[in-house]
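Everything on this sheet refers to the single structure shown next.
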Amino acid sequence: MNIVLLGAPGAGKGTVAQELVAEFGFAHISTGDLLRAAVKSGSDLGVKAKSYMDAGELVPDQLVIDLVKERLAADDAQKGFILDGFPRNTVQAVTLDSELGAMGNPLDAALLIDVDAKVIIDRLSARRACRACGYTGTAADEVCPKCGGEMYQRDDDKPETIANRLDVYEKNTSPLVEYYRGQGRLDVVDGVGTIEEVHDRVKEALHL
Ligand code: AMP
C-alpha cells in the first residue's frame, strides 16, 4: 500500500509511520529525516538545506523532489511506502503524482492526522528526539527509552521557529487536504490519543 501522511508539524506523522512500518513493513520515507541525515553528513545537499531548515522554511522543491525520486526507486519502496513530510506543497504533490504514474506505482491514500493547533504547539515545545536512533519522545525522557541514546531538542522545535513552521504549513501544505479530497483519496483520523488508539484509527481508515 502506498500512503501519503498529511498533518501539521507535531501532528504525529512520524509516530503513525513507525507503527505502520512495525506492523506491515512498509518503507518509511521521511523527507525531514533524510534532510537531517544530509545535514549531519555535511553533503552538498545538507549544506544547501540547512539554512532553510533552521529557519523553519521549506527547502527548495527540486532538492527534495530529487531526494524522494531516488528513494522511491529503491527496492523496499516497491512493496509499499509511507511518505512522511512529502509533499509539502502543490508543486510537490503534482510532481509526485506524475512520477508515481510513470513508475506504475500510484498512491492508494492520503491520510490526514488531524490535531488542534493548541495541542500542536504544546507537543512541539515538549518534543525531544534520540540522536542515535531517531526515536521521538518528550522532555520527560532523560535518555532514549528504546536505545539509551542521548535525547535532544531539534533546533526547529524551539519557540521562535515553531510559529514560522506552523505558518508555512498553513500557507503551503494545508491546501493539499483539498487537493487529495478532490481526487477522492483523502482519509482523516483524529490524532489525539495514545499511540495505540491513533494506530487503531489509522488501520480502520486505511482498511488494514
Ligand atoms: P519535518 O521533520 O518533516 O518537520 O521537516 C523538517 C524540515 O525539513 C522542514 O521544516 C523543512 O525545512 C524541511 N523539509 C522536510 N520535508 C520537506 C519538503 N517536502 N519540502 C521542503 N522542505 C522540507
Side-chain angles (χ1 to χ4, degrees), residues 2-18 20-21 27-41 43-72 77 81-100 107 110-113 115 117 119-121 123-131 133-138 151-177 179-180 191:
N2 299 332
I3 306 159
V4 158
L5 289 180
L6 295 174
K13 299 187 294 298
T15 306
V16 164
Q18 277 166 11
L20 286 172
V21 168
H28 179 194
I29 306 179
S30 157
T31 44
D33 286 351
L34 292 170
L35 289 166
R36 278 184 289 280
V39 170
K40 202 168 161 189
S41 76
S43 67
D44 270 4
L45 169 65
V47 172
K48 286 184 190 143
K50 187 174 186 318
S51 58
Y52 297 97
M53 296 172 74
D54 286 348
E57 298 291 338
L58 294 184
V59 171
D61 288 334
Q62 204 50 53
L63 297 180
V64 186
I65 287 169
D66 288 347
L67 194 65
V68 170
K69 269 200 215 168
E70 192 185 319
R71 189 62 189 82
L72 284 173
F81 59 79
I82 304 171
L83 274 169
D84 162 9
F86 185 96
R88 279 288 227 281
N89 59 27
T90 311
V91 170
Q92 295 181 7
V94 171
T95 307
L96 179 66
D97 277 342
S98 71
E99 281 301 319
L100 292 176
L107 277 186
L111 184 71
L112 172 66
I113 316 294
V115 176
V119 177
I120 291 281
I121 294 174
R123 277 191 189 177
L124 288 175
S125 315
R127 180 160 77 176
R128 300 292 183 273
C130 173
R131 265 193 215 287
C133 75
Y135 170 82
T136 303
T138 72
M151 300 295 284
Y152 76 107
Q153 183 173 38
R154 282 169 45 176
D155 283 341
D156 60 355
D157 280 344
K158 302 204 165 131
E160 54 281 16
T161 313
I162 290 176
N164 192 36
R165 290 171 68 207
L166 293 176
D167 281 352
V168 168
Y169 174 77
E170 274 311 315
K171 199 164 130 243
N172 297 281
T173 313
S174 66
L176 295 183
V177 171
Y179 175 84
Y180 287 114

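Just so you know, ligand 1 is whichever comes first in the structure, and atom 1 is the first atom listed for that ligand. All values below come from the heavy atoms of this structure, side chains included, with hydrogens, waters and symmetry mates left out.
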Looking only at atom types and distance, does a side-chain atom of [X] sit under 3.5 Å from a main-chain N or O of [Y], one as donor and one as acceptor?
X	Y	result
Arg165	Asp156	yes
Arg123	Ala11	yes
Lys13	Ala8	yes

We want to know whether Tyr169 and Asn164 form a side-chain donor-acceptor pair, criterion being a heavy-atom distance below 3.5 angstrom.
no
With a 4.0 Å cut-off on N to O distance, would you call Asp54 and Lys50 a salt bridge?
yes
Residues Arg88 and Asp61 bridged, charged N to O under 4.0 Å:
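The answer is no: the pair does not qualify as a salt bridge.
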Let me know which protein residues bring a heavy atom to under 4.0 Å of ligand 1; chain then number is fine for ordering.
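Contacts of ligand 1 under 4.0 Å: Thr31, Gly32, Leu35, Arg36, Met53, Glu57, Leu58, Val59, Val64, Gly85, Phe86, Arg88, Gln92, Arg154, Asp156, Arg165.
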